[in-house]
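Below is one structure, written out as structure tokens, with a few remarks after it.
First listed ligand is number 1; within each ligand, the first listed atom is number 1.
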Amino acid sequence: MKTDLSKNPHTDPALLLRYRDRQYAADMLAVAIGKLNLFTWIDRQGQVDTSAIAAEFGLAARPLDVLLTLCRASGLVRTDPETQQHRLTPLASEYLVEGSPWFLRPYYAPIVDSAIAQGCLQVLQHDRPANWQAKDDGSDWHESMMDEGFAKSFTDLMNCRGTAMGQVLADTVAPLIADVSHLLDVGGGSGIYSSTMVAKHPHLRATVLEQQPVDRLARQEVARHGLEEQIDVITADMFRDAWPSPTDCVLLSNVLHDWDFPEIRQLIQRASDVLPAGGHLLIHETFLEDDKSGPLPVAEYSVLLVNITRGKCYSAAEYREILEQFGFAVGPCRPTLSDRGVLTAKKR
Ligand SMILES: C[S@@+](CC[C@H](N)C(=O)[O-])C[C@H]1O[C@@H](n2cnc3c(N)ncnc32)[C@H](O)[C@@H]1O
């Protein structure tokens, strides 16, 4: 059935997405409390920096950053902005330190050995994404996306989320899109963001760049919306193949959070290479606050991402630093819908 993509919802589905997006956070906390006894150790030290925690528990940098972000956002740890030393808050001191009369470790015992908690511990120690929802074949999300059945189900997941979000994104960037003629939607999934953008801004043309087998799903969806004249879908590897040009606006929607810093730099460099001076880059994501003390829903979502992908949630400040290195003048980060936002940058 064809959807009117120019029609926005009247409500924000944030609560519904948060239930799903926070699914791994409780188990990650259970590991910190029940397996590592992290808070008792920090209490005994008084204050510690990240490298001391990594060395004591043998934890990898990417997942440890996600865990500490969750602890800050949950009001359990405070990090001094000058020294980057971590200390417990009174909440953690009272309830998460062995010897306290109010110690809550037994409360987490039922989930400390759950499949998700075991995955969290593996990721913390080995920096390897566990499998997607304990899939039997042990594939991580990136490998699973090559499988036709998994790719269909996950693309459906992103597509249903993207319909409302794409409409709001298209409105949020409307002043900027007025001067854009061709959008390149890299890792565009079902093409829903190109579709909503074109539906709202009929002067616009778009290209969705996707890998197999998602490219076929994108073609089907674009056809279902009757937008084949305005949107084409090309099959390419975003890291290896040339990005199509000319384009005056690149969209990276929910793509960078799948990757670690080397891949993020590579994708931003490729965007910089393909854009003319004055061209735009739109990063549509869940952004952490610059000091990584929240927001809690984004810190919780980051736990899910670190478990299933090679990425996590980043702050706008982290993206800003890379964007400036690759010749972008970075604009504001504007909220869109459901804890998401868009960071805009203009090629100098
Ligand atoms: C998290 S999804 C985001 C989809 C869509 N942009 C959205 O916001 O819903 C990431 C997408 O990147 C695609 N992708 C991953 N690696 C890729 C590669 N090497 N080349 C092209 N696309 C890739 C995946 O197939 C997937 O559709």
Side-chain angles (χ1 to χ4, degrees), residues 5 13 17 20-21 129 132 139-170 172-173 183-198 206-222 225 231-244 249-260 262-271 274 281-287 301-302 304-314 336-343:
L5 292 177
L17 297 186
R20 175 75 184 87
D21 291 345
W132 169 252
S139 305
D140 80 1
W141 180 84
H142 300 273
E143 288 159 21
S144 299
M145 280 300 274
M146 306 289 172
D147 171 81
E148 193 88 37
F150 182 88
K152 166 87 179 89
S153 121
F154 201 85
T155 302
D156 282 350
L157 176 162
M158 294 184 290
N159 184 59
C160 73
R161 181 183 66 178
T163 308
M165 288 192 184
Q167 290 158 341
V168 177
L169 176 67
T172 307
V173 297
L183 177 85
L184 175 60
D185 183 2
V186 176
S190 66
I192 185 63
Y193 290 88
S194 289
S195 298
T196 48
M197 206 68 95
V198 161
T207 299
V208 177
L209 184 158
E210 254 299 344
Q211 64 185 357
Q212 289 178 341
V214 181
D215 59 337
R216 285 195 291 282
L217 304 170
R219 280 186 200 99
Q220 284 165 15
E221 278 298 293
V222 168
H225 295 305
I231 302 173
D232 63 341
V233 179
I234 65 151
T235 308
D237 182 319
M238 65 189 178
F239 293 110
R240 294 203 184 91
D241 298 326
W243 289 12
C249 186
V250 171
L251 172 64
L252 290 168
S253 172
N254 300 307
V255 169
L256 297 179
H257 69 210
D258 290 339
W259 302 100
D260 210 339
E263 293 85 9
I264 292 175
R265 280 198 197 90
Q266 201 183 338
L267 292 172
I268 289 178
Q269 173 160 31
R270 294 194 125 211
V274 83
L281 173 58
L282 308 178
I283 298 181
H284 178 236
E285 277 290 349
T286 39
F287 295 98
Y301 183 42
S302 195
L304 185 150
L305 292 174
V306 83
N307 268 281
I308 65 164
T309 73
R310 295 167 204 172
K312 58 181 179 167
C313 294
Y314 299 90
T336 52
L337 196 66
S338 300
D339 308 309
R340 271 71 179 172
V342 58
L343 181 66

Centroid-centroid distance, W259 to F239, less than 6.0 Å: yes
Centroid separation H284 to Y193 less than 6.0 Å: yes
Proximity of M145 to ligand 1 by residue part, where a heavy atom lies under 4.0 Å: side chain
Side chain, backbone, both or neither: the part of D185 lying under 4.0 Å from ligand 1 by heavy atom: neither
Give the residue, atom name and distance (to 0.1 Å) of the protein heavy atom nearest [atom].
atom                    : result
atom 15 (C) of ligand 1 : Q211 NE2, 3.5 Å
atom 19 (N) of ligand 1 : D237 OD1, 3.2 Å
atom 20 (N) of ligand 1 : M238 N, 2.9 Å
atom 13 (C) of ligand 1 : E210 OE2, 3.3 Å
atom 1 (C) of ligand 1  : N254 O, 3.1 Å
atom 4 (C) of ligand 1  : G187 O, 3.3 Å
atom 2 (S) of ligand 1  : M158 SD, 2.9 Å

Under 3.5 Å: donor-acceptor pair, side chain of Q167, backbone of L5: yes
Residue pairs fulfilling salt bridge (Lys or Arg N to Asp or Glu O under 4.0 Å) with at least one residue in residues 156-170, sequence neighbours excluded: K152-D156
Going by the order shown, which atoms of ligand 1 are within less than 4.0 Å of some heavy atom of [X]?
X    : answer
Y193 : 7 (C), 8 (O), 9 (O)
A236 : 20 (N), 21 (C)
S253 : 3 (C), 5 (C), 6 (N), 7 (C), 8 (O)
D258 : 1 (C), 10 (C)
V214 : 25 (O)

4.5 Å side-chain heavy-atom contact, V255 and S253: no
4.5 Å side-chain heavy-atom contact, L17 and M165: yes
Stacked cation flag R340 on Y301, 6.0 angstrom / 45 deg: yes
Interatomic spacing from OG1 in T163 to CG in N159 - rounded to 0.5 Å: 5.0 Å
T235 versus R219, side-chain donor and acceptor atoms under 3.5 Å: yes
Lys/Arg-Asp/Glu bridge criterion (N-O < 4.0 Å) met for E210, R216: no
G188 heavy atom under 4.0 Å from ligand 1: yes
